[in-house]
Amino acid sequence: MTPPVRIALLACGAEYSGVMPEIYEAARQVEAEVFYPDVTLADVRSAGRGFGLDVHSADLKLMIARAEALVEGRAEADAVFIATCFRCAEAAIVRNELRRYIHEGSRLPVVSYSFTERTTAGTLLTRMEALVTIARRRALLARERQEGITLGLDSGSSTTKAIIMKDNEVIGTGWRPTTQVQQSAEEVIALALEESGLRRSEIEATGVTGYGRFLLGNAIGADLIQEELTVNSKGAVYLADRQHGFATVIDIGGMDNKAITVQDGIPGVFTMGGICAGASGRFLEMTAKRLGIDITELGPLAMKGMGRNVPMNSYCIVFGTQSLVNALAAGNSPEDVAAAACHSVAEQVYEQQLQEVDIREPVIMVGGTSLISGLVHAMGELLQTGVVVPRHSQFIGAVGSALLASGFIRKG
Amino acid sequence: MAKVFIYPGTSLILSDLVSRFGHRPLGSALSVREKVQTAGLDSPPLQITSEDPKKGLRFAAVEVPSGVRGRMSLFGPQIEEADAGIIIQDADLAFGCMGCARTNELVRFLLHRRGIPILELTYPHSDEEGVRFVAAIREFLSSLAGGASA
């Protein structure tokens with residue numbers, strides 16, 4: 001029996017927020033074990049002296065002491081989960097600095113999260129699953145070439161995508177809005193098979209990712225059912241041909257966003273946000289609808305406009321839409337409004353998430369929103385760097401799944 | 001017998017002193033008795049549920065972190081119930097610890113706002129200070145109605 005992946009928990013306020021059962025449940029679902037690294041009272045008293053951050057809250061001192069024990073090798077773990085209360089400034093500083101400290105001082109995968117009492121195991125599951133994947137499946141993630149004939153499926157919150165690959169080439173694609181998880185998947189599989197000219201029986205292995213991965217993966221008997229953080233980052237560096245060295249992957253999705261620092265194809269630090277829809281692809285969909293254009297036309301329209309002419313900067317999709325309506329009522333051009341909407345989404349992602357990862361060039365944007373050129377341009381301006389959008393970037397989860405699934409092809 | 005809120009709430013020494021003088025100590029030992037089954041430095045009171053931070057809304061607004069509100073769901077009712085309070089500032093971690101600096105600020109503020117008798121002392125760092133520290137607590141507890149002499 002494989003021993004569970006041991007995830008060290010560095011937390012402040014979790015016990016008093018009622019979220020400990022949720023943390024334990026998320027870990028249990030991915031066959032991991034959450035534990036507190038052992039430290040002494042002397043460790044807590046001296047916590048921060050070496051680290052250099054003097055905090056007032058004793059539980060934060062305890063977090064620092066535990067992080068020091070992990071980095072100095074006095075405590076052993078396979079991965080680290082850092083969790084503090086949402087809206088606590090002191091904890092936010094500690095959370096970010098500890099994440100950086102552990103990333104720089106050890107090889108432990110680490111993810112940080114700010115919770116409220118409403119945080120559920122479901123919210124934490126993808127993050128925990130990614131930690132377990134990185135800790136346990138490094139060999140799988142080391143794959144750099146696709147082999148044989150594989151099918152990759154991404155059952156996303158907005159769209160379902162399919163990719164068929166053969167001998168390291170994409171030969172079939174399918175894309176449909178997600179309605180019913182299985183039905184949408186069958187439609188995109190049919191599209192991809194038609195384009196590839198293959199029969200379903202010729203598929204040698206299948207990988208599934210996205211929100212519907214468990215339902216879909218179990219229904220079709222997938223060889224690989226994997227969360228989208230590791231799959232997408234793997235797919236991104238593969239498509240962008242940056243499998244060695246550092247890279248940053250940004251995926252602005254329909255329901256949540258991912259920012260991942262990758263080293264040699266393996267995620268090191270990642271954040272996944274989904275609290276405020278003003279920073280999501282959904283806001284851009286609403287913008288396109290309000291402007292009376294197709295979402296595919298939004299990017300080119302935004303490239304013709306000047307975003308700074310229109311005040312728009314809201315975490316919230318409702319307030320963002322209000323700004324949109326007000327801007328149009330004030331006589332601003334659709335081009336300027338489209339550019340402002342792209343800038344607004346990019347700015348929210350920049351402020352809310354990119355501060356939590358270490359941006360390493362090249363920056364690779366993936367997912368459906370990476371096809372909105374105005375958004376990519378706005379992100380590049382904010383980061384002051386060129387942004388790479390590889391071919392097939394909108395199929396990123398499906399490509400990553402197809403690539404990794406080839407590790408499951410039975411030889412002979 | 002008076003109900004005396006102790007700060008830090010986890011201080012066994014303070015709790016013991018209050019009991020010896022015939023009063024009832026209010027603090028973590030009492031409030032989490034029902035919640036905690038395993039004692040220890042980081043004993044997670046798993047029985048605290050997501051409903052507890054909502055109860056804490058009586059003492060702190062919704063924009064206050066959930067960890068503060070969860071703690072206040074334990075300490076807030078005790079502060080309302082207390083006849084007196086003892087506050088030890090800058091206590092050593094081994095003496096007692098409440099974990100969260102923001103909760104500490106709110107607890108001290110609410111205690112003072114009650115207008116009940118409060119003894120506020122700084123944690124002693126020498127034998128001489130320690131003797132004066134215990135004497136001050138004894139004098140304060142003796143002055144409360146219904147107390148006993150140790």
Side-chain angles (χ1 to χ4, degrees), chain A residues 8-25 34-48 54-66 69 83-95 113-121 123, chain B residues 7-11 28 31-32 35-57 59-76 89-108 123:
Chain A
L9 178 62
L10 309 183
C12 179
E15 300 93 334
Y16 292 95
S17 298
V19 298
M20 287 303 292
E22 304 298 326
I23 293 173
Y24 284 130
E25 174 58 20
V34 169
F35 75 103
Y36 288 114
D38 283 339
V39 290
T40 66
L41 188 57
D43 294 332
V44 181
R45 282 193 178 121
S46 64
D54 186 21
V55 292
H56 283 197
S57 294
D59 281 356
L60 293 176
K61 285 183 196 286
L62 187 56
M63 275 177 70
I64 294 171
R66 285 172 169 154
T84 60
C85 292
F86 181 56
R87 295 194 189 104
C88 178
E90 188 183 32
I93 291 169
V94 175
R95 192 179 69 237
Y113 187 73
S114 59
F115 54 79
T116 71
E117 69 270 32
R118 293 167 191 261
T119 295
T120 62
T123 315
Chain B
Y7 173 96
T10 53
S11 174
S28 302
S31 62
V32 299
K35 307 272 185 186
V36 181
Q37 289 175 336
T38 309
L41 182 64
D42 40 325
S43 51
L46 290 178
Q47 296 86 343
I48 287 188
T49 71
S50 57
E51 288 304 306
D52 291 285
K54 290 178 193 164
K55 290 175 191 161
L57 285 168
F59 309 97
V62 72
E63 65 264 30
V64 175
S66 52
V68 176
R69 287 185 281 113
R71 288 176 171 93
M72 289 313 298
S73 71
L74 303 176
F75 300 127
Q89 297 278 22
D90 304 322
D92 185 90
L93 288 173
F95 180 78
C97 164
M98 313 248 292
C100 168
R102 301 291 87 77
T103 308
N104 294 352
E105 288 160 5
L106 185 57
V107 163
R108 293 198 300 266
Y123 185 74

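In this text the structure is predicted, and so the values were computed from the model without any measurement. Chain identifiers are assigned alphabetically (A, B, ...) following the order of the sequence lines, protein sequences preceding nucleic acid strands; residue numbering begins at 1 within each chain.
Here the shortest heavy-atom pairing between A:E117 and B:S50 reads O-CB, 3.2 Å. Of all heavy-atom pairs spanning B:A94 and A:L41, the tightest one is CB-CD2, 3.7 Å. A:S57 approaches B:R102 most closely through the heavy-atom pair OG-N, 4.5 Å. Considering every non-hydrogen atom in both B:L93 and A:A58, the closest pair reads CD2-CB, 3.8 Å.
Other residues, nucleotides and ligands contribute only 12 or fewer heavy atoms inside 6.0 Å of the CZ atom of A:R118.
With a threshold of 4.5 angstrom between heavy atoms, A:E90 approaches chain B through side-chain atoms but not through N, CA, C or O.
If you tally non-hydrogen atom pairs under 4.5 Å between each of B:G56, B:P65, B:C97 and chain A, the highest count goes to B:P65. Between chain A and the options B:N104, B:T103, B:D92, the largest number of non-hydrogen pairs under 4.5 Å is found for B:D92.
The backbone N or O of A:G18 sits nowhere less than 3.5 Å from a side-chain atom of B:T49 that would complete a donor-acceptor pair. Using modelled atom types, one side-chain atom of A:R87 and one backbone atom of B:V62 make a donor-acceptor pair closer than 3.5 Å.
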